[in-house]
Amino acid sequence: MKQLLAFSRVIDKINREIGKKVAWLILLAVIVATVNAIVRKLFSVSSNAWLELQWVLFGAVFLLCASWTLQVKEHIRIDIVNSMLPKRVQQWIDLVGHVLFLMPFALLIVYHSVPFFLRSYAINEQSLSAGGLPQWPAKGLVVIGFVMLSFQGISEIIKQVAVMRGDLEDDDSSRGHAAAAEAEAQRLLDQAKAEGLAP
């Protein structure tokens, strides 16, 4: 299990570093959109390439940060129901969800997106819009994003099994920023009640 956890840590580190860097593309997308809008309004000039660049930048963030989002547990979850269940049931739900739903879906997308990308690259597929961008880099992002997500899924399964076996501590700080913020808000509320500052 130690070797698997070491492998998991490597995956986590790679996806975290990529996610943190790629997230900055949101700023670039905002700048491109702003400049494009200003140029269009002031000079009545527009470019399909600039519009498509915005889409590609957003797609890159969505696809290349998905694995980091999964790692920090910020993906969409049904926490209202899940939080009312015993911890062991929550752990089983996470494990079964990763094994039966996340991994088959991610691997299926990888399987189908590789030839989709290779065909596009082979013909140097271009945008159907005049002056648009090549299409194959965006299709390549799908492959890269879902390969990263598949590896992160493996990492999450390893960690969940380790937690259930007692080889890894299941701390609430690993359950995402929103959960950590909610826990802090509850702590402050409890403290205020204890001090008689809140009902």
Side-chain angles (χ1 to χ4, degrees), residues 1-32 53-79 82 90-118 120-121 136-184:
M1 184 53 77
K2 287 182 180 179
Q3 291 175 333
L4 288 173
L5 285 171
F7 178 61
S8 172
R9 283 191 294 273
V10 170
I11 294 170
D12 288 355
K13 182 177 180 183
I14 291 170
N15 283 337
R16 181 172 55 250
E17 292 305 313
I18 291 173
K20 285 181 177 180
K21 287 174 177 54
V22 170
W24 282 99
L25 292 180
I26 287 290
L27 177 61
L28 182 57
V30 170
I31 292 169
V32 168
L53 180 59
Q54 295 171 50
W55 304 337
V56 172
L57 290 171
F58 176 78
V61 172
F62 180 81
L63 290 163
L64 303 183
C65 290
S67 52
W68 181 38
T69 304
L70 177 64
Q71 181 188 139
V72 296
K73 311 240 184 313
E74 289 295 336
H75 55 293
I76 296 173
R77 301 165 61 97
I78 309 174
D79 285 330
N82 199 41
Q90 292 177 25
Q91 292 169 346
W92 273 107
I93 289 171
D94 283 349
L95 182 60
V96 170
H98 287 119
V99 171
L100 295 184
F101 298 103
L102 172 66
M103 291 306 298
F105 175 75
L107 293 172
L108 187 66
I109 296 293
V110 170
Y111 177 77
H112 286 289
S113 65
V114 169
F116 181 65
F117 161 70
L118 290 176
S120 181
Y121 179 76
W136 60 265
K139 292 180 179 181
L141 288 172
V142 175
V143 178
I144 295 167
F146 277 92
V147 166
M148 290 170 59
L149 188 60
S150 298
F151 275 104
Q152 191 60 48
I154 292 167
S155 174
E156 296 304 310
I157 290 168
I158 291 169
K159 289 185 287 190
Q160 193 61 54
V161 169
V163 166
M164 294 171 77
R165 286 170 39 113
D167 296 328
L168 185 66
E169 186 178 343
D170 186 19
D171 61 293
D172 287 332
S173 64
S174 69
R175 303 201 73 76
H177 302 300
E182 288 173 12
E184 179 62 12

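Because only heavy atoms are used, hydrogens play no part in the values below, and waters and symmetry mates are left out as well, while side chains stay in. Here, residue 1 is the first one in the sequence, and each next residue gets the next number. All figures in this text were calculated on a predicted structure; none of them were measured in a lab.
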If you look at every heavy atom in I144 and L64, which pair is closest and at what distance?
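Heavy-atom minimum between the residues: CG2-CD2, 3.6 Å.
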
Which atom of A60 lies closest to which atom of V22, heavy atoms considered:
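What the structure gives for the nearest pair is O-CG1, 3.7 Å.
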
Does atom CZ of F151 have more than 12 heavy-atom neighbours, drawn from other residues, nucleotides or ligands, at distances under 6.0 Å?
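No, because the 6.0 Å sphere around CZ of F151 holds 12 heavy atoms or fewer from other groups.
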
Worked verdict on L63 versus F146 for side-chain contact (heavy atoms from CB on, under 4.5 Å)
CA-CA 7 Å; L63 290 163; F146 277 92; 3.8 Å; yes

Extract all donor-acceptor atom pairs below 3.5 Å that involve side chains of residues 102-116 and protein atoms in other chains or at least two apart in sequence.
unit_1: S113; atom_1: OG; unit_2: I109; atom_2: O; d: 2.8
unit_1: S113; atom_1: OG; unit_2: V110; atom_2: O; d: 3.3

Main-chain N/O of C65 paired to T69 side chain as donor or acceptor, under 3.5 Å:
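Here the side-chain-to-backbone pair exists.
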
Would you check if there is a donor-acceptor pair between the side chains of Q71 and N15 at a distance under 3.5 Å?
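No, Q71 and N15 have no side-chain donor paired with an acceptor closer than 3.5 Å.
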
Quiz question: by atom type and distance under 3.5 Å, do the side chains of Q160 and E156 form a donor-acceptor pair?
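Note: Q160 and E156 side chains miss the donor-acceptor criterion.
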
Rounded to the nearest 0.5 Å, how far apart are [atom1] of [X] and [atom2] of [Y]?
{"X": "K2", "Y": "S8", "atom1": "NZ", "atom2": "OG", "value": "15.5 Å"}
{"X": "M164", "Y": "W92", "atom1": "CE", "atom2": "CH2", "value": "4.0 Å"}
{"X": "M148", "Y": "L70", "atom1": "CE", "atom2": "CG", "value": "11.0 Å"}
{"X": "K159", "Y": "I11", "atom1": "NZ", "atom2": "CD1", "value": "9.0 Å"}
{"X": "I93", "Y": "H98", "atom1": "CD1", "atom2": "NE2", "value": "12.0 Å"}

Can I26 and L57 be said to form a side-chain contact (heavy atoms from CB on, under 4.5 Å), step by step?
CA-CA 7 Å; I26 287 290; L57 290 171; over 6 Å; no

Given side-chain contact (heavy atoms from CB on, under 4.5 Å), test L5 with R9 step by step and report yes or no.
CA-CA 6 Å; L5 285 171; R9 283 191 294 273; 3.9 Å; yes

Using side-chain contact (heavy atoms from CB on, under 4.5 Å), reason through L25 and F58 one step at a time and then give a plain yes or no.
CA-CA 7 Å; L25 292 180; F58 176 78; over 6 Å; no

Show every salt bridge (charged side-chain N to carboxylate O under 4.0 Å, His left out) that has at least one partner inside residues 19-29, sequence neighbours left out.
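Checked against salt bridge (charged side-chain N to carboxylate O under 4.0 Å, His left out) - neighbours excluded - the pairs reaching residues 19-29 are E17-K21.
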
Measure the shortest side-chain to side-chain distance between R16 and V72 over non-hydrogen atoms and say whether it is less than 4.5 angstrom.
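The answer is no; the side chains never approach within 4.5 Å.
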
Side chain proximity check, F7 to I158, heavy atoms < 4.5 angstrom:
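F7 vs I158: side chains touch.
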
